[in-house]
*Asks:* 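What follows is a single structure, and I will ask about it in a moment.
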Amino acid sequence: MAAAESSPLTTHVLNTGDGVPAARMALSLHRLDTNTMIWNMLNVGTTDQDGRCPGLISRDAFTSGTYKLRFETGQYWKSLGQTSFYPYAEVVFTISDPQQRFHIPLIMSRFSYSTYRGS
Amino acid sequence: MSMAGPVSPLSTHVLNTAMGVPGSNMSLSLHRQDPSTEAWSLITTGTTNEDGRCPGLISKQMFVPGVYKMRFETGQYWETIGESSFYPYVEIVFIIKDPGQRYHVPLLLSRFSYSTYRGS
């Protein structure tokens with residue numbers, strides 16, 4: 001994962017079932033190639049103790065386009081010895097102005113999840 | 001699009017929380033994943049009614065255990081009401097272990113947020 005300058009795209013995963021950050025959740029960032037309509041994986045990572053994953057993407061790599069953040073929520077619940085309704089959660093979003101900062105949190109329990117565009 | 005006869009064991013409800021109205025006239029589709037190939041098969045397509053619902057999504061016979069996906073054409077929906085949106089579409093992937101139960105997979109949506117939960 002990239003070090004140094006802060007990623008223009010950030011996330012935060014919260015386990016609302018237990019009221020804690022979702023630590024050690026695997027996730028990946030993808031961008032859609034509009035010529036082939038294939039997803040290219042840009043980065044994989046794991047959330048830290050605070051449910052965050054710094055260094056998702058560098059400013060240079062962050063171009064306009066359609067992106068996907070995939071959260072391995074099913075694996076996460078399984079590692080806590082629980083089942084979940086969703087095997088994973090994918091959030092697909094459009095970046096028109098990559099100069100801005102984008103925060104894509106995932107607020108989730110075993111049977112629900114939500115997301116919003118933050119900054 | 002609705003089927004005659006018994007009520008679908010799987011239902012949805014789209015709500016436009018930004019405007020406080022049902023998400024009506026939104027295209028959606030239901031898919032099931034083939035466990036061996038992991039390929040998705042389309043089961044049905046539909047459009048939400050005035051109340052943001054889409055009756056007759058699937059029949060009891062077809063509702064077997066497996067991994068399903070509901071895809072909501074949210075980008076198109078906002079575009080037809082003259083607005084842009086952060087999400088081009090929303091896909092909710094979920095696991096059905098016990099098809100004897102009723103499942104409600106709603107989508108609460110604004111231009112810049114959405115949420116879902118397992119209802120009944």
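Note that this is a predicted model, so its numbers are computed, not measured. Below, chain A is the first sequence line, B the second, and so on; all start at residue 1.
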*Asks:* Name the member of B:Ile95, B:Val105, B:Leu108 that forms the most heavy-atom pairs with chain A at distances under 4.5 Å.
*Replies:*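 Looking at each option in turn, the highest pair count goes to B:Ile95.
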*Asks:* Could you grab the distance from atom CD1 of B:Ile43 to atom CD1 of B:Ile58, nearest 0.5 Å is fine?
*Replies:*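 So the gap between those two atoms works out to 4.0 Å.
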*Asks:* List, with distances to 0.1 Å, the donor-acceptor pairs found between chain A and chain B - the cut-off being under 3.5 Å and no angle criterion applied.
*Replies:*
| from | atom 1 | to | atom 2 | distance (Å) |
| --- | --- | --- | --- | --- |
| A:Phe85 | O | B:Ile95 | N | 2.8 |
| A:Thr94 | N | B:Phe86 | O | 2.8 |
| A:Phe111 | O | B:Arg118 | N | 2.8 |
| A:Tyr113 | N | B:Thr116 | O | 3.0 |
| A:Tyr113 | O | B:Thr116 | N | 2.9 |
| A:Thr115 | N | B:Tyr114 | O | 2.9 |
| A:Thr115 | O | B:Tyr114 | N | 3.0 |
| A:Arg117 | N | B:Phe112 | O | 2.8 |

*Asks:* If you define the side chain from C-beta out and look only at heavy atoms, does anything of A:Ile104 sit under 4.5 Å from B:Phe86?
*Replies:*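 Yes, side chains in contact.
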*Asks:* For the residue pair B:Phe72 and B:Leu107, what are the closest heavy atoms and their distance?
*Replies:*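 Closest approach of B:Phe72 to B:Leu107, heavy atoms only: CG-CD2, 3.6 Å.
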*Asks:* What part of B:Val93 lies closer than 4.5 angstrom to a heavy atom of chain A: side chain, backbone, both or neither?
*Replies:*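 Both the backbone and the side chain of B:Val93 come within 4.5 Å of chain A.
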*Asks:* Please answer whether the main-chain N or O of A:Ala61 pairs with a side-chain N or O of A:Ser58 as donor and acceptor at a distance below 3.5 Å.
*Replies:*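 Present.
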*Asks:* Within this structure, what is the OG1-CZ distance for the pair A:Thr10 and A:Arg52, rounded to the nearest 0.5 Å?
*Replies:*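 Reported to 0.5 Å precision, the distance equals 7.5 Å.
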*Asks:* Checking A:Ile95 against chain B: side chain, backbone, both or neither under 4.5 Å from a heavy atom?
*Replies:*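 Side chain only.
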*Asks:* Would you indicate whether the side-chain heavy atoms of A:Phe102 and A:Ile57 approach each other to under 4.5 Å?
*Replies:*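 Result no, sub-4.5 Å side-chain heavy-atom pair not found.
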*Asks:* Could you tell me whether the side chain of B:Pro88 reaches within less than 4.5 Å of the side chain of A:Val92, counting heavy atoms only?
*Replies:*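 With C-beta onward as the side chain, the pair touches.
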